[in-house]
K.L.:
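After the structure tokens below, expect a handful of questions from me.
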Amino acid sequence: MLLTTEAPAADSDTLAFIDREHKLLIDGDWVPAESGETIDVKNPADGETIATVAAGDKADIDKAVAAARRAFEGGEWPALTASERGRMLWKLADLIEEHLEEFAEIESLDNGKPRAVAAAADVPLAIDLFRYMAGWATKIEGTTIPISVPYMPGAEFHSYTLREPVGVVGQIIPWNFPLLMAAWKLGPALATGCTVVLKIAEETPLSGLRLGHLIQDAGFPDGVVNIVTGYGETAGAALAAHPDVDKVAFTGSTEVGKLIVKAAGETNLKKVSLELGGKSPNVILPDADLSTAIGGAANAIFFNHGQCCCAGSRLFVHKSQFDQVVEGVAEQAKQIKLGPGMHPETGMGPMVSQIQQDRVCGYLESGFAAGAQAVIGGKRAGGEGYFVEPTILVDTKPDMDVIQEEIFGPVVAAVPFEDPDELIAAANDSIYGLAAAVWTRDISKGHRIAKQLRAGTVWINCYNIFDAALPFGGYKQSGWGREMGHEAIDLYTQTKAVTLQF
Ligand code: NAP
Ligand code: MG
């Protein structure tokens with residue numbers, strides 16, 4: 001199942017960029033970390049170091065926040081019209097599009113994902129997001145409100161609201177969709193007129209740094225976007241705790257999300273939005289079209305090697321069809337070729353890091369120890385790279401870690417059900433509520449179950465459908481707030497009520 005670890009080389013321009021000395025973008029300049037420390041960046045397909053980036057920490061975050069504050073308070077940025085801000089975002093989208101193949105190669109080498117997938121999904125979604133948000137820049141409106149003021153009979157007023165940018169924003173992103181997560185964060189923040197300090201994941205810093213250069217080329221004034229690479233525990237924690245940051249937006253684990261909330265609460269009560277983990281139920285009803293549901297169930301968990309917050313990691317199938325569906329998904333898993341993302345035949349690349357490979361395999365061991373069985377897969381694969389086989393678990397119990405916790409790897413637990421009411425209770429039996437799906441030919445049933453599932457996204461007869469116009473975010477411990485769609489604008493604006501007495 002594992003292809004060779006050999007793969008075609010990336011384009012020379014891509015390699016030249018990766019080879020550069022990578023610094024931090026602060027106030028329009030590329031500068032080394034104050035400490036002079038660096039972090040090695042690895043290609044997860046073979047464990048080789050492909051670059052080093054600056055290890056920013058608190059001192060660099062302080063500088064970046066000061067730059068973002070200056071850019072927010074005065075100078076060019078606040079003086080731009082909404083239309084000018086929108087045009088800059090559109091220009092940025094055009095520039096990313098011109099470099100689409102380069103971004104796809106960077107993502108593939110740095111994160112491990114198939115180059116073709118990055119070129120078809122990650123990069124175009126990021127481009128679309130920036131264009132969608134470019135349109136919003138000119139459509140951020142307040143309202144006029146008739147007021148009555150009972151204690152001032154006869155007085156006349158004119159009241160209206162303004163939607164204003166929240167200010168200096170700290171953004172912390174993960175490694176599973178490096179460029180796309182940067183886009184989800186930066187797009188709405190820039191459309192609304194905020195300024196940003198972006199902390200990109202230590203595992204996958206390269207596409208965010210490339211984006212930093214294009215942000216400069218697109219004409220954003222100095223200090224509007226500052227990009228800091230560094231560790232979460234130092235740079236990330238300093239950003240979340242910074243007293244001069246007005247809002248922090250975080251995507252990553254629920255565990256770190258709680259630390260972000262704590263840091264915000266202990267300092268300046270900055271606004272917080274969170275996009276966290278998931279353990280999403282994928283439900284196949286007896287009347288589903290299995291010819292699409294089986295492929296859909298495989299895609300739900302194996303896309304991006306299961307390193308998706310919305311991965312369909314709990315597959316519920318009616319008892320009568322359980323064996324048929326499990327065999328079908330196993331057949332799909334068998335067809336997936338594991339290999340380096342740069343290999344044209346690769347269907348699934350490595351986990352992003354050795355830590356992640358160990359984490360996923362640790363969950364598999366815990367599941368086996370508790371009595372679960374692997375129908376297919378169940379272990380690491382290959383030599384130096386961080387590969388894990390696509391895995392289907394059966395014979396699980398509701399209280400097992402593999403059912404309750406986010407594995408963030410290509411591991412699905414298939415669970416049979418009989419009674420439809422019990423199904424809903426089992427599907428909702430999770431601390432998470434990010435996404436869910438139901439497969440059925442009965443349209444009414446599909447919509448009814450969509451209402452019953454406690455999740456921020458429900459797909460009917462499809463999975464992993466994303467669009468810049470669709471809000472995405474979690475119920476329960478999967479997060480606070482919605483990214484994308486017009487709700488993302490709410491995350492980066494605040495309302496001012498203005499009243500004039502005639
Ligand atoms: P993570 O620790 O939550 O990291 C996400 C981001 O937060 C990274 O930029 C990370 O920095 C930073 N960070 C880490 N500790 C921090 C802290 N104390 N204060 C501020 N920022 C901090 O996630 P991970 O280690 O990459 O993965 C662990 C698990 O998280 C995964 O197995 C998965 O279950 C979950 N996860 C969920 C998502 C999602 O999209 N919801 C994405 C990724 C991971 P560095 O990594 O650069 O040090
Ligand atoms: Mg980490």
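Whatever order the structure lists ligands and atoms in, that order sets their numbers, starting from 1.
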K.L.:
Tell me whether ligand 1 is touched by Gln356 - counting only heavy atoms on the residue side and a distance under 4.0 Å.
P.N.:
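Heavy atoms of Gln356 do come under 4.0 Å of ligand 1.
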K.L.:
Would you say ligand 1 has an N or O under 3.5 Å from any N or O of Arg359?
P.N.:
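Yes, there is a polar N/O contact under 3.5 Å.
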K.L.:
Which is closest to atom 37 (C) of ligand 1 by heavy-atom distance: Gly252, Ser353, Gly236?
P.N.:
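Nearest heavy atom to atom 37 (C) of ligand 1 lies in Gly252.
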K.L.:
Should you measure from each heavy atom of Cys309, which atoms of ligand 1 turn up under 4.0 Å away?
P.N.:
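So the atoms of ligand 1 that pass are 39 (C), 40 (O), 41 (N).
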K.L.:
For Leu276, take its heavy atoms, then give the atoms of ligand 1 lying under 4.0 Å from any of them.
P.N.:
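Going through ligand 1 atom by atom, the ones under 4.0 Å from Leu276 are 41 (N).
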K.L.:
Could you check whether Gln216 and Trp30, counting side-chain N and O atoms only, form a donor-acceptor pair closer than 3.5 Å?
P.N.:
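Checked: Trp30/Gln216 side chains pair up, N/O donor to acceptor below 3.5 Å.
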K.L.:
More than 12 non-hydrogen atoms from neighbouring residues, nucleotides or ligands closer than 6.0 Å to NZ on Lys271, yes or no?
P.N.:
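At most 12 heavy atoms, drawn from other residues, nucleotides or ligands, come within 6.0 Å of this atom.
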K.L.:
Which is closest to atom 16 (C) of ligand 1 in terms of heavy atoms, Ile407, Leu198, Val256, Leu239?
P.N.:
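Closest candidate by heavy-atom distance is Val256.
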K.L.:
Just checking, any donor-acceptor pair under 3.5 angstrom between side chains of Tyr432 and Glu406?
P.N.:
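The criterion, which ignores hydrogens and geometry beyond distance, is not satisfied for Glu406 and Tyr432.
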K.L.:
For Trp175, counting its heavy atoms only, list the atoms of ligand 1 lying under 4.0 Å from any of them.
P.N.:
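Those of ligand 1 that fall under 4.0 Å from Trp175 are 24 (P), 26 (O), 27 (O).
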K.L.:
Can you check which of Ser253, Gly232, Pro174 brings a heavy atom nearest to atom 3 (O) of ligand 1?
P.N.:
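The option holding the nearest heavy atom is Ser253.
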K.L.:
Under 4.0 Å from any heavy atom of Ala237, which atoms of ligand 1 are there?
P.N.:
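Answer for ligand 1: 19 (N), 20 (C).
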K.L.:
Tell me yes or no: between the side chains of Gln477 and Thr254, is some donor less than 3.5 Å from an acceptor?
P.N.:
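Gln477 vs Thr254: no donor-acceptor pair found between side chains.
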K.L.:
Is it the case that Asn282 and Trp459 place a side-chain donor and acceptor less than 3.5 Å from each other?
P.N.:
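There is no such pair between these side chains.
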K.L.:
Can you tell me if CD on Gln404 sees more than 12 non-hydrogen neighbours from other groups inside 6.0 Å?
P.N.:
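Above 12, so yes.
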K.L.:
For atom CD of Glu73, decide whether the heavy atoms of other residues, nucleotides or ligands shown that lie under 6.0 angstrom number more than 12.
P.N.:
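Result for CD/Glu73: enclosed.
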K.L.:
Less than 3.5 Å apart, any donor N or O on the side chain of Arg210 or His22 sitting next to an acceptor on the other?
P.N.:
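Distance-only check fails for Arg210 and His22.
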K.L.:
Pick one of side chain, backbone, both or neither for how Glu203 approaches ligand 1, counting any non-hydrogen atom pair under 4.0 Å.
P.N.:
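The answer is neither; Glu203 stays 4.0 Å or more away.
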K.L.:
Check each heavy atom of Ile260 against ligand 1 and say whether those closer than 4.0 Å belong to the side chain, the backbone, both or neither.
P.N.:
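Side chain only.
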K.L.:
Ignoring hydrogens and geometry beyond distance, is a side-chain donor-acceptor pair present between His242 and Asp62 at under 3.5 Å?
P.N.:
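The answer is yes; a qualifying pair exists.
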K.L.:
Would Glu483 and Lys185 count as a salt bridge (Lys or Arg N to Asp or Glu O under 4.0 Å) if you check the C-alpha gap in whole Å, the side-chain angles of each, and the deciding distance to 0.1 Å?
P.N.:
CA-CA 8 Å; Glu483 302 198 279; Lys185 292 279 181 283; 2.6 Å; yes
K.L.:
Only heavy atoms of Gly230, strictly under 4.0 Å: list the atoms of ligand 1 that pass.
P.N.:
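The list of qualifying atoms is 47 (O).
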K.L.:
Short N/O distance, under 3.5 Å, between Ile173 and ligand 1?
P.N.:
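Yes: some nitrogen or oxygen of Ile173 is under 3.5 Å from one in ligand 1.
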K.L.:
Under 4.0 Å, counting heavy atoms only: does Gly278 come that close to any atom of ligand 1?
P.N.:
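The answer is no, since Gly278 has no heavy atom less than 4.0 Å from ligand 1.
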K.L.:
What atoms of ligand 1 come within less than 4.0 Å of a heavy atom belonging to Glu202?
P.N.:
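So the atoms of ligand 1 that pass are 45 (P), 46 (O), 47 (O), 48 (O).
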K.L.:
To which of Tyr231, Phe408, Phe250, Tyr432 does the heavy atom nearest atom 31 (C) of ligand 1 belong?
P.N.:
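Answer by nearest heavy atom: Phe408.
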K.L.:
Which of the numbered atoms in ligand 1 are below 4.0 angstrom from a heavy atom of Leu259?
P.N.:
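Result: 18 (N).
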K.L.:
Among residues at least two apart in sequence or on other chains, which ones pass ring pair (Phe, Tyr, Trp, His ring centres under 6.0 Å) with Phe103?
P.N.:
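None.
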